[in-house]
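One structure is given here, and the rest of the page talks about it.
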Amino acid sequence: DSGVTQTPKHLITATGQRVTLRCSPRSGDLSVYWYQQSLDQGLQFLIQYYNGEERAKGNILERFSAQQFPDLHSELNLSSLELGDSALYFCASSVEAVSEQYFGPGTRLTVT
Amino acid sequence: GIQVEQSPPDLILQEGANSTLRCNFSDSVNNLQWFHQNPWGQLINLFYIPSGTKQNGRLSATTVATERYSLLYISSSQTTDSGVYFCAVRGGTSYGKLTFGQGTILTVHP
């Protein structure tokens with residue numbers, strides 16, 4: 001158990017819908033990251049927050065957005081969902097903005 | 001951006017065998033991590049090793065940053081070692097972003 005928690009574990013929804021994935025970092029970690037794992041793209045970095053501020057952005061679609069709240073938990077919002085958004089979404093956290101990252105168990109999103 | 005290549009893509013072993021997994025990267029890195037993704041999808045930290053050598057039980061890793069590669073050694077493999085092994089790196093200009101290789105799929109037969 002890495003100490004990073006993610007909810008829900010599984011999510012099944014229809015195309016065009018919107019969902020919110022939630023992440024709580026390890027105690028004491030200030031930085032949160034979101035990654036997407038799909039069969040065709042592998043593991044891809046989406047976005048990073050550090051102490052509430054966005055610090056780095058990867059190949060995150062405009063339909064996706066994220067934020068980190070004052071209590072340091074983070075949410076990833078996915079809207080206008082498409083079949084291709086089906087993937088495993090991981091949250092990771094680290095103490096500093098550039099230190100070792102620990103991954104949560106992931107949320108498996110299925111878009112039908 | 002930085003490129004990460006892992007080899008071999010697939011590896012099949014009998015229990016008790018040893019193996020070496022390789023990770024090559026295209027630029028200098030400030031962070032290198034090895035992960036094991038188990039059959040349930042969890043990513044488990046194995047090593048944080050931007051340079052040097054570390055050992056943890058039957059596993060050890062070496063990163064030669066100047067030559068841009070890292071090796072993961074698994075000795076006396078067990079069926080529970082099966083899964084996908086990922087190398088991930090953070091380049092100097094990537095801030096916190098980790099770039100992952102495509103992974104090595106390891107299958108250990110009893």
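Computed from a predicted model, the values in this text were never measured in an experiment. Order of the sequence lines fixes the chain letters, A, B, ..., with proteins taken first and strands second; residue numbering starts at 1 for each chain.
Heavy-atom distances place the side chain of A:Leu88, and not its backbone, under 4.5 Å from chain B. With a 4.5 Å cut-off on non-hydrogen atoms, A:Gln37 touches chain B through its side chain but not through its backbone. No part of A:Tyr50 comes within reach of chain B, as not one of its non-hydrogen atoms sits under 4.5 angstrom from that chain. Contacts between A:Phe103 and chain B at a heavy-atom distance below 4.5 Å involve backbone atoms as well as side-chain atoms. Only the backbone of A:Ser99 comes within less than 4.5 Å of a heavy atom in chain B; its side chain stays farther off.
More than 12 heavy atoms of other residues, nucleotides or ligands sit less than 6.0 Å from atom CG of A:Asn77. Counting non-hydrogen atoms of other residues, nucleotides and ligands closer than 6.0 Å to CD of B:Glu15 gives a total above 12.
In terms of heavy-atom pairs under 4.5 Å with chain B, the best-connected choice from A:Arg55, A:Arg108, A:Gln44 is A:Arg55.
In this structure, the side chain of B:Gln37 does not engage the main chain of B:Pro39 through any donor-acceptor pair within 3.5 Å. A:Gln6 places a side-chain N or O within donor-acceptor distance of the main-chain N or O of A:Gly106, the cut-off being under 3.5 Å. Distance alone, capped at 3.5 Å, places no donor-acceptor pair between the B:Arg90 side chain and the B:Asn31 backbone.
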